[in-house]
Amino acid sequence: MNAKPKGVIGQSVQRIEDRPLIIGKGMFAGDISFAHQLHMRIVRSSSAHGVIKRIDTQAARALPGVHAVWTAADIPEMGPIDFREGKIEKLEPYRQPVLAIDRVRYVGEPVAAIFASDAYTAEDAADLVEVEIEDLPVIMDARAATGEFAPGLSSEAAVITQGFGDTASVFATAHAVVEIDVTVGRHSGVPLETRGAIGRYDAARDVLELHGAAKVPHKNKETLARLFGRPAAALHLFETHVGGGFGVRGEIYPEDILVLAAALRFGGAVKWIEDRREHLMAANQSREQHHKTRAAVDEKGTLLAIENEFWHDQGAYPRTHAMRVAETTCGILPGPYRVGAYKALGHYRLTNKTPAATYRAPGRYETNFVRERLLDAIAAKLNISRVDVRKQNLIRSDEMPYARPLCVLEDDVSYDSGDYAGLLDKSLKAIRWDELQSELAERRKRGELVGVGLATFVEKSGLGPTDGAHVCVDTTGAIEVITGGASVGQGFETVMAQVCAEALGVDYRNIRVVHGRTDRIDFGIGAHASRATVMTANAVHAAALIVREKALSFAAELLQSEAATLDIIDGRVIRRGESEGPSITLGEIANHLRPAAKLRRGREPGLSADGWFDTDHQVYPYGNQIAVVSIDRETGAVNVEQYVIAYDIGRAINPVLVRGQILGGFAQGLGGALYEEFLYDERGEPLSVTFADYLMPTANEVPKVDVIISEDAPSPRNPLGIKGAGESGIAAVGAAIASAVDDALGSPGAITRLPITPQRLKRILNRLASA
Amino acid sequence: MTRHTIQLKINEQTRTISVDARKTLLDALREDCNLTGAHAGCEHGVCGACTVIVEGEPVRSCLMFAVQAEGKTIRTVEGLAQGGALHPMQKAFTEQHAVQCGYCTPGFLMLTVAALEKTPDMDDDALREVVASNLCRCTGYENILAAVRIAADDMRRRT
Ligand code: FES
Ligand code: FES
């Protein structure tokens with residue numbers, strides 16, 4: 001491709017997707033309706049663990065407007081919910097049934113489904129269903145003694161190990177051993193739009209449709225087609241606007257299968273919209289892990305070995321991701337540091353809470369907290385600075401690419417590029433680290449509880465292996481880009497349009513981007529784990545370059561010039577450097593390439609192309625975060641005064657969108673660090689089922705953040721050099737704030753648990769005061 | 001359930017709809033008036049995604065029954081742009097990248113427009129207080145605050 005001095009890649013251009021959203025014409029799941037649709041309401045278990053003795057649906061069935069009431073017995077053909085990546089032998093018996101069979105295992109588990117003429121009636125009918133449950137003992141702590149999931153099946157569904165080197169011998173001879181015992185609380189994505197699904201059977205075409213899909217429509221289509229025994233062309237998923245994804249939305253849940261099964265059986269449309277209370281007890285929760293971690297170090301704090309044993313609280317069932325979060329936890333824990341030997345041992349435990357799965361930066365928010373707590377503990381033990389201990393262990397740029405015998409998402413870990421210490425220096429400078437130390441000391445002398453903390457991390461994104469895209473120019477010169485990507489509100493359409501525009505030489509606003517529709521393209525990688533930008537953008541780039549070639553080769557003949565002397569500017573092919581000379585527009589070329597056009601002369605019809613991008617490895621963006629906090633002695637509240645996030649993204653296609661991703665992720669990370677937690681009582685009753693109990697940050701809690709987007713280390717693993725952006729803002733917030741709170745307390749290692757709620761911090765303050 | 005026939009004045013149009021007494025204004029707007037711009041985020045009065053303007057006041061339409069809005073003047077996000085021209089608040093939201101998924105956007109637009117129509121002169125702290133009464137899960141608020149600041153100045157200039 002020709003280097004363009006001022007291409008649209010790298011520009012902070014306006015989004016193309018905003019207009020419907022600001023004029024109230026967005027089309028979210030709840031906004032979709034079909035004539036004569038039925039409304040589904042789920043009857044959920046009120047017991048955290050028990051045997052179903054009786055379900056009486058008679059009164060519900062008798063209510064006018066109720067069309068049907070289902071229990072598990074009504075859908076024997078609908079097996080348990082499969083894992084996204086296929087069969088996993090040892091977890092098969094633990095899969096969640098669509099509607100509970102014999103036993104319930106968490107409060108909120110679907111027990112029956114009501115289908116009625118309107119949503120209010122369906123809700124009334126749900127209240128009339130009587131479910132008699134004989135309670136069984138509950139397991140509410142993943143560290144507690146294991147119990148039985150079912151007769152003969154342990155609640156420890158799996159044990160996961162990864163590692164390299166002989167940690168035992170290193171520990172036996174090390175200068176010092178540092179140990180921590182820390183916990184990350186249960187929280188989750190909680191998008192502002194709850195889940196929703198509309199199933200529709202179109203008998204005229206014999207197509208079963210799921211509207212309101214998100215995240216991974218193509219993957220889910222495969223799973224659902226298998227479950228329903230339908231050929232690929234007879235089942236389609238449609239993504240519309242999505243009110244936030246964050247890992248939670250777009251997985252296959254019982255409700256998705258129910259609306260499809262009902263649509264098929266009743267021969268029409270069935271709509272389900274979750275309410276907030278349901279969401280907070282039924283959508284995937286995340287993060288809850290307990291870690292016992294120790295490091296062997298030399299006198300300078302060099303990490304010789306790490307051993308990490310952890311208990312992963314999976315909740316009641318494995319979900320579509322199976323063990324991915326726990327596996328990622330093992331594979332990514334060492335993060336940006338060199339470690340001589342490493343051993344991870346994870347207990348994948350089932351408890352009687354809502355099932356867990358991924359939430360933005362899965363396995364990283366947790367391990368960044370754990371590992372950075374460990375680094376702080378090493379610094380404290382050896383009495384060296386928290387900056388120095390990190391700097392001397394950070395992998396150096398001359399060691400890149402840096403492989404280590406661990407695996408993340410079945411991909412061998414190999415960091416592609418980066419200058420970790422260089423980026424840390426940028427942040428330390430931005431926050432004025434050295435001056436800050438004396439300023440904070442001064443304020444502490446005056447009695448304030450203030451401190452600063454830091455965390456460094458490696459992210460991962462763009463897991464392949466392959467994604468494709470189709471680019472087509474119509475006879476008016478308008479362009480359609482069809483992708484198998486998905487948009488969860490991150491500016492996907494704009495980014496894809498920018499990439500296509502630059503490769504093709506057109507205005508990005510003249511491009512329509514299609515995503516999340518399985519009827520338009522056969523394959524698609526979706527939007528998860530920051531794959532969209534890396535994989536789909538590179539596929540769009542490839543397709544656009546082929547279209548460019550086609551256009552130039554046709555124009556060369558017509559303009560009687562070498563293709564190499566031509567360029568495309570604003571959708572018009574011209575002789576390079578001659579804006580006045582002969583030219584032809586892309587629309588005109590498309591017109592000459594119609595199947596019946598005379599000038600086509602044996603060329604393949606249409607000005608369009610498919611493009612593919614393959615990759616063997618993920619890419620590893622990296623960053624660091626620094627927090628300055630003050631603590632209110634009376635209330636235990638933490639006030640974040642300053643915050644720096646530095647992140648190397650390789651190459652930013654639209655910096656303002658990257659910044660937006662980072663700021664949004666940060667706010668979520670702040671929630672998990674200070675406020676958000678799913679709590680349960682000892683009987684398994686969920687206590688955080690409204691926004692009054694599950695506290696998400698408002699504009700009052702989120703401080704201004706200094707974002708440093710660096711492009712020092714473009715990825716060598718794709719032509720655009722890009723890495724993902726979605727997860728960097730959130731990834732180390734818990735880690736950095738814990739470090740800062742420790743510093744403010746003057747008590748290294750005081751924080752062992754997230755979130756640092758005022759109540760918990762008040763207890764620590766009291767303990768320190770009495771000590 | 002007895003149904004009530006009520007008249008609502010929405011975006012300068014009078015609509016006659018027939019609803020159950022228990023139907024919320026939010027559901028009535030969305031289901032009976034085909035105005036789906038106001039969204040349900042919690043149906044509990046906390047998130048503000050359902051905010052519309054009733055008699056000049058920002059109102060959580062999930063907490064109001066449709067029958068309570070009988071005869072009142074209601075403005076929704078669909079009525080904000082005038083003759084194809086975006087309201088300064090809409091313009092600022094898109095220009096400042098205050099929109100990500102857009103689910104919270106209509107609520108923020110109606111909330112801030114109502115607040116600024118009543119009190120055009122607000123400093124940054126006051127605006128932050130207003131913005132803090134709704135939830136956004138995507139943006140981290142910084143761009144929303146920037147948009148509201150710019151729109152506030154723009155709205156003042158225009159009056
Ligand atoms: S839906 Fe009305 S305040 Fe949340
Ligand atoms: S933009 Fe998604 S909730 Fe605000």
Side-chain angles (χ1 to χ4, degrees), chain A residues 12 14-15 17-28 30-31 33 118-121 189-194 241-246 273 275-277 487-491 656-657 659-668 670-671 690-692 696-702 704-705 729, chain B residues 1 20 22-23 27 30-31 34-47 49 76-81 86-87 89-91 93-107 109-110 127-145 148:
Chain A
S12 291
Q14 293 289 300
R15 302 200 330 167
E17 47 270 84
D18 282 357
R19 191 167 172 93
L21 299 171
I22 55 173
I23 62 171
K25 298 292 181 193
M27 188 55 76
F28 295 89
D31 305 332
S33 283
D118 72 278
Y120 283 76
T121 306
V190 191
L192 201 58
E193 182 199 14
T194 56
H241 283 123
V242 172
F246 318 128
I273 300 297
D275 69 31
R276 182 55 64 186
R277 189 166 178 278
S487 171
V488 284
Q490 76 278 45
V656 77
L657 294 185
R659 200 180 134 77
Q661 286 294 302
I662 291 175
L663 292 174
F666 166 73
Q668 291 182 313
L670 186 70
T690 70
F691 279 166
M696 304 201 291
T698 72
N700 277 336
E701 283 78 43
V702 183
K704 207 164 163 51
V705 177
Chain B
M1 200 74 52
D20 284 347
R22 63 175 174 170
K23 191 163 215 171
D27 283 346
R30 293 177 50 79
E31 291 163 15
N34 195 27
L35 295 169
T36 56
H39 297 140
C42 67
E43 294 171 282
H44 201 66
V46 181
C47 75
T76 71
V77 66
E78 288 89 346
L80 212 47
L86 294 179
H87 186 280
M89 193 63 76
Q90 291 172 309
K91 196 163 155 284
F93 262 65
T94 177
E95 285 176 1
Q96 297 305 311
H97 288 267
V99 183
Q100 283 192 27
C101 80
Y103 197 75
C104 69
T105 307
L109 292 172
M110 302 318 282
L127 285 179
R128 180 183 286 271
E129 261 327 302
V130 171
V131 168
S133 51
N134 279 14
L135 287 173
C136 170
R137 191 57 162 168
C138 300
T139 63
Y141 304 105
E142 185 177 306
N143 294 351
I144 293 180
L145 289 165
V148 175

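Computed from a predicted structure; not experimentally measured. Each chain gets a letter, A, B and so on, in the order its sequence line appears, and its residues count up from 1.
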Can you check whether [Y]'s main-chain N or O pairs, donor with acceptor, with [X]'s side chain at less than 3.5 Å?
{"X": "A:Asp118", "Y": "A:Thr121", "value": "yes"}
{"X": "A:Arg277", "Y": "A:Thr690", "value": "no"}
{"X": "B:Arg128", "Y": "A:Ala699", "value": "yes"}
{"X": "B:Arg137", "Y": "B:Cys104", "value": "no"}

Given a strict heavy-atom distance threshold of 4.5 Å, which part of [X] is in contact with chain A: side chain, backbone, both, or neither?
{"X": "B:Asp27", "answer": "side chain"}
{"X": "B:Ile144", "answer": "neither"}
{"X": "B:Glu78", "answer": "both"}
{"X": "B:Glu142", "answer": "side chain"}
{"X": "B:Tyr103", "answer": "both"}

Pairwise distance [atom1]([X]) to [atom2]([Y]) - rounded to 0.5 angstrom:
{"X": "A:Phe246", "Y": "A:Gln668", "atom1": "CZ", "atom2": "CD", "result": "4.5 Å"}
{"X": "B:Met110", "Y": "B:Asn134", "atom1": "CE", "atom2": "CG", "result": "12.0 Å"}
{"X": "A:Gln14", "Y": "B:Glu95", "atom1": "CD", "atom2": "CD", "result": "5.5 Å"}
{"X": "A:Ser33", "Y": "B:Arg30", "atom1": "OG", "atom2": "CZ", "result": "8.5 Å"}

Could you look at [X] and say if it's the side chain, the backbone, both or neither that has a heavy atom under 4.5 Å from chain B?
{"X": "A:Leu657", "value": "side chain"}
{"X": "A:Pro697", "value": "both"}
{"X": "A:Val702", "value": "both"}
{"X": "A:Gln661", "value": "both"}
{"X": "A:Arg659", "value": "side chain"}

I'd like to verify something: which residue of [options] has the highest number of heavy-atom pairs under 4.5 Å with chain B?
{"options": "A:Gly671, A:Gly660, A:Ala667", "value": "A:Gly660"}
{"options": "A:Thr194, A:Asp275, A:Val656, A:Ile273", "value": "A:Val656"}
{"options": "A:Gly189, A:Pro20, A:Gly245, A:Ala119", "value": "A:Gly189"}
{"options": "A:Arg19, A:Glu701, A:Lys25", "value": "A:Arg19"}

Between chain A and each of [options], count heavy-atom pairs under 4.5 Å; write down the option with the most.
{"options": "B:Gly79, B:Ala40, B:Gly102, B:Ala49", "value": "B:Gly102"}
{"options": "B:Thr105, B:Leu109, B:Thr36, B:Val46", "value": "B:Thr36"}
{"options": "B:Gly37, B:Cys136, B:Cys42", "value": "B:Cys42"}
{"options": "B:Glu31, B:Glu129, B:Glu43", "value": "B:Glu129"}

Margin query: For A:Asn700, is the CG atom crowded, meaning more than 12 foreign heavy atoms sit under 6.0 Å from it?
Written below: yes
Using side-chain heavy atoms (C-beta onward) and a distance below 4.5 Å, is A:Ile23 in contact with B:Leu86?
yes
- Quick check, are the ring centers of B:His39 and A:Phe28 under 6.0 angstrom apart? yes
